[in-house]
Amino acid sequence: DESFLSGKVTKQTLPAVPVPAGPEAPILKRLLLPNGELAQFYDSDASIRYIALIELLDGTTRGNHYHRQKMESIYLSHGEIQLLVEDIQTKERKIIPFRAGDLVCIHPGIAHTLRVVKAGRAVEFAPTRFDPADTWSYALA
């Protein structure tokens, strides 16, 4: 696990676990099954009220905004991006390499942009419902 911007952005790479996975296998993991990968990237008693699939096309950027209320997580199923993050109060900035199997959590007040290096897809999820009034433009890239 890695932490950035005073812990307001966290990233972990889920381990790829061959099957059969024993009881010692971590809860969050990528199971390498003969019929394809099964990524277990969320397991909690906390509710999820928002889920979105993000298509990531070569050479594009997504985001360039922040939220005042929403904490969001993003799991990259395939592809490669650079995650640009900036604390809107302290102006501390970081570029985080983000590859397939990585999971990131972004707290409110952190501007973020996904700069696509290699096309792919990601899943975004949050404990709160989507509120367009809580998306604030903030150009990072």
Side-chain angles (χ1 to χ4, degrees), residues 1-33 35-141:
D1 293 6
E2 297 177 84
S3 178
F4 309 94
L5 306 183
S6 303
K8 296 176 186 171
V9 178
T10 57
K11 177 186 134 185
Q12 66 184 86
T13 299
L14 302 187
V17 177
V19 290
E24 73 285 349
I27 299 295
L28 302 183
K29 60 189 168 290
R30 301 164 66 200
L31 289 172
L32 306 178
L33 302 167
N35 56 340
E37 179 180 315
L38 172 66
Q40 297 173 320
F41 53 85
Y42 186 80
D43 186 9
S44 174
D45 290 331
S47 297
I48 293 296
R49 290 191 169 85
Y50 174 76
I51 300 173
L53 178 67
I54 304 170
E55 183 175 20
L56 303 164
L57 300 177
D58 279 329
T60 63
T61 58
R62 307 287 303 245
N64 277 314
H65 64 256
Y66 69 95
H67 308 284
R68 292 183 179 162
Q69 303 296 320
K70 180 181 171 195
M71 180 176 337
E72 65 185 77
S73 295
I74 301 171
Y75 175 75
L76 186 63
S77 65
H78 62 281
E80 183 179 343
I81 62 174
Q82 289 181 325
L83 175 63
L84 288 68
V85 291
E86 181 176 309
D87 186 314
I88 65 166
Q89 291 182 347
T90 68
K91 303 302 180 201
E92 182 182 359
R93 182 183 274 213
K94 187 75 177 169
I95 298 174
I96 304 167
F98 202 33
R99 294 179 178 78
D102 286 349
L103 174 66
V104 69
C105 178
I106 303 169
H107 286 243
I110 303 298
H112 47 281
T113 295
L114 311 176
R115 184 184 295 154
V116 181
V117 176
K118 181 180 175 189
R121 292 202 175 171
V123 175
E124 174 188 339
F125 54 100
T128 55
R129 296 187 66 164
F130 177 74
D131 178 4
D134 186 39
T135 300
W136 302 86
S137 293
Y138 195 98
L140 287 171

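Computation of the quantities below employed the complete heavy-atom set of this structure, encompassing side-chain atoms and omitting hydrogens, waters and symmetry-equivalent molecules.
To the nearest 0.5 Å, atom CG of residue Leu103 and atom OH of residue Tyr42 are 10.5 Å apart. The distance from atom CD1 of Ile110 to atom CE of Met71, rounded to the nearest 0.5 Å, is 11.0 Å. In this structure, NZ in Lys94 is found 11.5 Å from CG in Leu84, a value given to the nearest 0.5 Å. A distance of 11.0 Å separates CD1 in Ile81 from OG1 in Thr61, rounded to the nearest 0.5 Å. With values rounded to the nearest 0.5 angstrom, Ile48 atom CD1 is found 9.0 Å from Thr128 atom OG1. Atom OH of residue Tyr50 and atom CD of residue Glu72 lie 8.0 Å apart, to the nearest 0.5 angstrom.
Shortest non-hydrogen contact noted between Ala100 and His78 is CB-CA, 3.7 Å. Closest approach of Tyr138 to Ala111, counting heavy atoms only: CD2-CB, 3.3 Å. Nearest heavy atom pair, residue Arg99 against residue Leu76, reads C-CD2, 3.4 Å. Considering all non-hydrogen atoms of both residues, Leu5 and Arg93 come closest at CD2-N, 4.1 Å. Closest approach of Tyr66 and Ser137 over heavy atoms only: CE2-O, 4.3 Å. Between Ala119 and Asp58, the shortest heavy-atom contact is N-OD1, 2.7 Å.
Looking only at side-chain heavy atoms (C-beta outward), Val116 and Leu57 stay at 4.5 Å or farther from each other. The shortest side-chain heavy-atom distance between Gln69 and Pro108 does not fall under the 4.5 Å cut-off. For the pair Cys105/Ser73, a side-chain contact is recorded, criterion being any heavy-atom separation below 4.5 Å from C-beta on. At a threshold of 4.5 Å between non-hydrogen side-chain atoms, the residues Val104 and Val85 do not count as touching. Under the 4.5 Å side-chain criterion, counting only non-hydrogen atoms from C-beta, Val117 is not in contact with Phe98.
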**Request:** Please report the C-alpha distance between Leu114 and Leu83 in whole Å, then the side-chain angles of each, then the deciding distance to 0.1 Å, and finally whether the side-chain contact (heavy atoms from CB on, under 4.5 Å) criterion is met.
**Result:** CA-CA 5 Å; Leu114 311 176; Leu83 175 63; 3.5 Å; yes
**Message:** Under the criterion salt bridge (Lys or Arg N to Asp or Glu O under 4.0 Å), I'd like the reasoning laid out for Glu124 against Lys70: C-alpha separation, chi angles, the key distance, then a yes or no.
**Reply:** CA-CA 12 Å; Glu124 174 188 339; Lys70 180 181 171 195; 2.5 Å; yes
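For Asn64 (side chain) and Leu140 (main-chain N/O), a donor-acceptor pair under 3.5 Å exists by modelled atom type. With hydrogens and angles ignored, the 3.5 Å screen pairs no side-chain donor or acceptor of Asp43 with any backbone N or O of Ile27. Between the Ser77 side chain and the Arg121 main chain, a donor and an acceptor come within less than 3.5 Å of each other. Looking only at distances, no side-chain donor or acceptor of Arg68 sits under 3.5 Å from a matching main-chain atom of Ala133.
Using cut-offs of 30° and 60° on the angle between ring planes, the pair His112 and His65 is perpendicular.
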Name each donor-acceptor pair under 3.5 Å that joins a side chain in residues 7-17 to protein atoms two or more places apart or in another chain, with its distance.
unit_1	atom_1	unit_2	atom_2	d
Lys8	NZ	Asp87	OD2	2.7
Lys11	NZ	Pro97	O	2.7
Thr13	OG1	Asp102	OD1	2.6

